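Down below is the structure, laid out as structure tokens.
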Amino acid sequence: RDLHSFPTRRSSDLGTAGTNYTLTFAASGLIAATSNNLTLVPGAATKLAITTQPLGGPSGALLGTQPVVKVEDSGGNVVTTSSATITVTSSGTSTIGGTQAGGLAATSGVATFSNLTLAGTIATNYTLTFASGGLTAAVSNNLTVTVGAADATQATLTPTSASITANGSATQVLTVTAKDTNGNRLTTGGATVTIVKSSGTGTIGTVTDKGNGTYTATVTAPTATGSGVFVATLGGSPVKSGIASQTQATVTYTAGPAT
């Protein structure tokens, strides 16, 4: 038989695919015979392997390092004939995103991801699981996310209710706290924030950026009893404190002690 076409169904039992090997035939008292070079081809696909581990980025944004996943036989040889579709899921309460999360077809046995995103809670370990049909899945190393971009729908306006004396000088500070999509608090300033009176009485001063992810404005009471309703925006969008409607802060002006 021509050893150049030496058949093998499972390269992992014999060696590494694509590497030259020779066979030596020996018998007692006879000069040994050595074959020409022969190479092995990959065996059947059995598992997935991560060759480039993913690294996290800002919550909800692209991963800092996108993963590369290979389809391998039982001996770790890349099955270059495979075009298996590989899907991605994430652990815990995190959310994997990007168009490739639902499936990316391998090219010559290799799936090179480029647009995966991960949203989650900062300082929490997450893993990604790569799966494809009956192949053994591959689980990534731990990765974490950092604070993402400010999201007005998760930012808060506090307090939502307060009471001060209607004496023309009493004050109440209202605070907007910037958070990302997953409710992680931002720790730097720079956002465009407004806090304005929506209805009622009282006056409100200009917004102060505290430089730590919070923004404040001070309400001053009128001399007559009543109330004022105040709302805020972040980046031009309504602050909603994680609910469907814009958050309202109601400040009630009450009569002072009898004199």
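Keep in mind that this is a model prediction, so the values were computed, not measured. These numbers come from the heavy atoms of this one structure, side chains and all, not from hydrogens, waters or symmetry mates.
- L63 and L55 fall into different hydrophobic clusters, where Ile, Leu, Val, Met, Phe, Trp and Tyr residues are linked whenever their side-chain heavy atoms come under 4.5 Å apart, directly or through other members.
- Between the side chain of S227 and the main chain of T252, no donor-acceptor pair closer than 3.5 Å is present.
- Panel note: side chain T175, backbone T216; no donor-acceptor pair is recorded below 3.5 Å.
- The closest donor-acceptor contact from the side chain of Y215 to the backbone of A191 lies under 3.5 Å.
- Just one of S82, S108, S132 meets the side-chain contact (heavy atoms from CB on, under 4.5 Å) condition when paired with V71; it is S82.
- A distance of 9.0 Å separates CD of Q66 from CZ of F113, quoted to the nearest 0.5 Å.
- Using modelled atom types, one side-chain atom of S91 and one backbone atom of T127 make a donor-acceptor pair closer than 3.5 Å.
- Residue A166 comes nearest to A224 through the heavy atom pair CB-O, 3.5 Å, listed as atom of the first residue, atom of the second, then distance.
- Residues V231 and V207 do not share a hydrophobic cluster, defined by chaining ILVMFWY side chains whose heavy atoms lie under 4.5 Å apart.
- Here the CG-CG distance, from D151 to N184, works out to 11.0 Å after rounding to the nearest 0.5 Å.
- Side chains of S59 and T181 form no contact here, defined as non-hydrogen atoms less than 4.5 Å apart.
- In this structure a side-chain-to-backbone donor-acceptor pair under 3.5 Å is missing from T208 to K210.
- Closest approach of V79 to A45, counting heavy atoms only: CG2-CA, 3.8 Å.
- Between the side chains of T214 and T177, no donor-acceptor pair is found at a separation under 3.5 Å.
- When all heavy atoms of P159 and A249 are compared, the closest pair comes out as O-CB, 3.2 Å.
- Between atom NZ of residue K179 and atom CG of residue L186 there is a gap of 10.5 Å, rounded to the nearest 0.5 Å.
- Side-chain contact between T192 and L234 is absent, with no heavy-atom pair separated by less than 4.5 Å.
- The side-chain heavy atoms of V193 and D209, taken from C-beta on, include no pair separated by under 4.5 Å.
- Rounded to the nearest 0.5 angstrom, L104 CG and T112 OG1 are separated by 7.5 Å.
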task = Check the pair S161 / T250 against side-chain hydrogen bond (donor to acceptor under 3.5 Å, both in side chains), numbers first and verdict last.
result = CA-CA 5 Å; S161 64; T250 301; over 6 Å; no

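- Closest approach of S94 to S90, counting heavy atoms only: OG-OG, 3.0 Å.
- Under the 3.5 Å distance criterion, the side-chain polar atoms of T171 are left unmatched by any main-chain donor or acceptor of T220.
- Considering only heavy atoms from C-beta on, V78 comes within 4.5 Å of V110 through its side chain.
- At distances below 3.5 Å, not a single donor-acceptor pair connects side-chain atoms of Q246 with backbone N or O atoms of P238.
- For the residue pair T99 / N115, a side-chain donor-acceptor distance below 3.5 Å is found, with atom types taken as modelled.
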Audit row: N125, L143, side-chain contact (heavy atoms from CB on, under 4.5 Å) steps and yes/no = CA-CA 6 Å; N125 286 329; L143 63 158; over 6 Å; no

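- Nearest heavy-atom pair, T117 versus G60, reported as atom, atom and distance to 0.1 Å: CB-O, 3.9 Å.
- A donor atom on one side chain and an acceptor atom on the other are found under 3.5 Å apart for Q100 and S114.
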request  = Tell me, with the steps shown, if S28 and L30 meet side-chain contact (heavy atoms from CB on, under 4.5 Å).
outcome  = CA-CA 6 Å; S28 178; L30 301 179; over 6 Å; no

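- Considering every non-hydrogen atom in both G228 and Y253, the closest pair reads N-CE1, 3.6 Å.
- The side-chain heavy atoms of Y126 and T95, taken from C-beta on, include no pair separated by under 4.5 Å.
- When the options T156, T160, T247 are evaluated for a side-chain hydrogen bond (donor to acceptor under 3.5 Å, both in side chains) with S241, the one that passes is T247.
- Counting only N and O atoms by type, the side chains of T165 and N167 include no donor and acceptor under 3.5 Å apart.
- Counted by atom type alone, T187 and N212 present zero donor-acceptor pairs between their side chains at under 3.5 Å.
- Linking Ile, Leu, Val, Met, Phe, Trp and Tyr whenever their side-chain heavy atoms come within less than 4.5 Å puts I50 and L48 in one cluster.
- For the pair L128/I96, a side-chain contact is recorded, criterion being any heavy-atom separation below 4.5 Å from C-beta on.
- For D180 (side chain) and G148 (main-chain N/O), a donor-acceptor pair under 3.5 Å exists by modelled atom type.
- Taken to the nearest 0.5 Å, the OG1 atom of T233 stands 9.0 Å off from the CD1 atom of I195.
- Checked by atom type and distance alone, the side chain of T46 pairs as donor or acceptor with a backbone atom of S74 at under 3.5 Å.
- Note that CD of Q172 and CZ of F230 are 10.0 Å apart. Values are rounded to the nearest 0.5 Å.
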Residues L62, L116; criterion side-chain contact (heavy atoms from CB on, under 4.5 Å); working and verdict = CA-CA 6 Å; L62 290 172; L116 294 180; over 6 Å; no

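- Screening V147, N182, T144 for a side-chain contact (heavy atoms from CB on, under 4.5 Å) involving I122 leaves a single residue, V147.
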